[in-house]
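A short worksheet on the structure shown next.
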There are 2 protein chains.
Amino acid sequence: MISDRQAKERERRKDQILKGALTVFKEKGLEKATMDEIAKQADFGKATLYYYFHSKEEIFIELLDRGWKMIWESIEPAIEDHEQPKESFMQALHIIGGLVTDNKTLFEFLFTAPQMMPGALMEGKPAWKSYQNKMYGVFQGLLEEGMAKGEFPEMQSDIMMRAIGGLFHGLFFLGHGEKRMSRETMEEFITSFIGNYGNS
Amino acid sequence: MISDRQAKERERRKDQILKGALTVFKEKGLEKATMDEIAKQADFGKATLYYYFHSKEEIFIELLDRGWKMIWESIEPAIEDHEQPKESFMQALHIIGGLVTDNKTLFEFLFTAPQMMPGALMEGKPAWKSYQNKMYGVFQGLLEEGMAKGEFPEMQSDIMMRAIGGLFHGLFFLGHGEKRMSRETMEEFITSFIGNYGNS
DNA sequence: TTATGTTTCGAATTGTGATTCGAAATTTAA
DNA sequence: TTAAATTTCGAATCACAATTCGAAACATAA
């Protein structure tokens, strides 16, 4: 019998493990990360990790699932309104930008994880993937409605998506290097990019 | 004693191995790729790979070194001239675009490899990294000169670099999915992005 | 307080895959 | 033609890290 109190305690421990795992995954990647190291980070014995999770992969997946769920839920309210697509679009980017700024480690992981993932883990429509898809779908939808309203230039929306996705990603995780950028700078930059682009 | 003929033959075999390795690395990543599989792809016995290379990592590194060297050497002549920075910039992008289009597998690998690489392999200034740095340095230089000449808007060049890098990368390796884009489309897109941006 | 359920853990176990070995095949050159 | 050098390879090693085990520590509630 599991009391309510105990359930919460378990959650806390899962979080503790997840947090440790994030640190290790982030710097070693999925393959190079060892359970020993994760255990040490999380301050548990190795075997305990297996009490809470089935496998290393499961930890990895859970991290993704929770992360993308959180992104989706943060975005959702801002995109209900389809009256001003460009505005909603900007607002959503703004929100994500805020999340990223507040928790760089997690988001760097979320946006980078797919790269470190062997195809096998993508089997069976993972939850995180569906959140990710929903999100991209909405962005692309806003783009298309924005074009229809003349708020964005006419252009294949999927290409525009790639461009903006790449831009956003590039701004945060500067492909080839070192430092990050402040929220302000990025916001200004994206705004001016989309703005200029739309106006020319 | 190694005759000239033999040396060339060796090179051919190294190429053969490298080519097989590329295929495997591309779809499995560095960790998941096995020497057995690479050997099979290259049509050699596993042990033979060790006759030509020290280790799996060495194969990986050699792939990167040769690839980046090739990029650099293709770019170099086009950027000697600093009279028209924007033009040189575009021309260089154009060249890379061409290379990419002609050899997608290799370039997807080159641009993705850093993601799959554990920090250890970055020790000791690897050759490929220095080519990469040279390249980014030149691009950034052209950007700055272009700004000085009013061909690009005033803006922190490193941020502009991230944006364009992300844009380029996004266009080719559409972060979240499936198909690629044609050279024509990409060229038009980048041109119009930089063009609009510069003019607004 | 004690029996039962829950949680923890270090020490085996196991599987996988990189690397090495040593013998054969092939090529070279005298 | 034949000895030396080069190349090839499948079958051992060997290392490493995921997973499992079984015994303790701890909590709960009767």
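Chain letters run A, B, ... following the sequence lines, proteins first and then strands; every chain starts at 1.
When only modelled atom types and interatomic distance are considered, A:K19 and A:Q16 share no side-chain donor-acceptor pair under 3.5 Å.
Atom CD of B:E58 is separated from atom P of C:dA18 by 15 Å (rounded to the nearest Å). If you take CZ of A:F60 and P of D:dA18, they are 14 Å apart, rounded to a whole angstrom. In this structure, the CD atom of B:E9 is 15 Å from the P atom of D:dT6, given to the nearest Å. In this structure, B:R10 places its CZ atom 13 Å from C1' of C:dT28, rounding to the nearest Å. Atom pair A:K28:NZ and D:dA18:P shows a separation of 12 Å (rounding to whole Å applied). Rounded to an integer number of Å, the gap from A:Q6 CD to C:dT8 C1' is 15 Å. Look at CZ on A:F53: it is 16 Å from C1' on C:dT8, rounded to the nearest Å. For the pair B:K32 NZ and D:dA17 P, the interatomic distance rounds to 14 Å; values are reported in whole Å.
Within the 3.5 Å criterion, the main-chain N or O of B:D81 finds a donor-acceptor partner in the side chain of B:S88.
Taking for each of A:E31 and B:G45 the nucleotide of DNA chain D with the nearest heavy atom, the 5'-most of the two is the partner of B:G45.
Contact detail for B:L63 and B:L110: the closest heavy-atom pair is O-CD2, 4.0 Å.
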Polar atom pairs (N or O), protein with nucleotides 19-25 of chain D, under 3.5 Å:
residue : atom : partner : partner atom : Å
D:dT19  : OP2  : A:Y50   : OH           : 3.0
D:dT19  : OP2  : A:K56   : N            : 3.2
D:dT19  : O4   : A:K46   : NZ           : 3.2

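Take B:K8 and apply the salt bridge (Lys or Arg N to Asp or Glu O under 4.0 Å) test, not counting sequence neighbours, and it matches B:D4. In this view, B:E73 and B:K69 satisfy the side-chain hydrogen bond (donor to acceptor under 3.5 Å, both in side chains) rule, not counting sequence neighbours. Under the side-chain hydrogen bond (donor to acceptor under 3.5 Å, both in side chains) criterion, A:H54 pairs with no residue, sequence neighbours left out.
With salt bridges taken as basic N to acidic carboxylate O contacts below 4.0 Å, none links A:K149 and A:E145. Here B:E9 pairs with B:R13 in a salt bridge; the nearest charged N to carboxylate O distance falls below 4.0 Å.
Distances shown here put a side-chain N or O of B:R13 below 4.0 Å from the OP1 or OP2 atom of D:dT8. Considering only side-chain N and O atoms, B:Y51 lies under 4.0 angstrom from the phosphate OP1 or OP2 of D:dT7.
Comparing the local axis fitted to the first five base pairs of the helix from C:dT1-D:dA30 to C:dA30-D:dT1 with the one fitted to its last five gives a bend of 0°, rounded to 10°.
Using a 4.0 Å heavy-atom criterion, one finds that B:T48 contacts the bases of the nucleic acid, with or without backbone contacts as well. When heavy atoms are screened at a 4.0 angstrom cut-off, B:Y52 is found touching the sugar-phosphate backbone but no base atom.
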Would you tabulate the side-chain donor-acceptor contacts of residues 41-48 of chain A under 3.5 Å, counting partners in other chains and residues two or more places apart, or write 'none'?
none

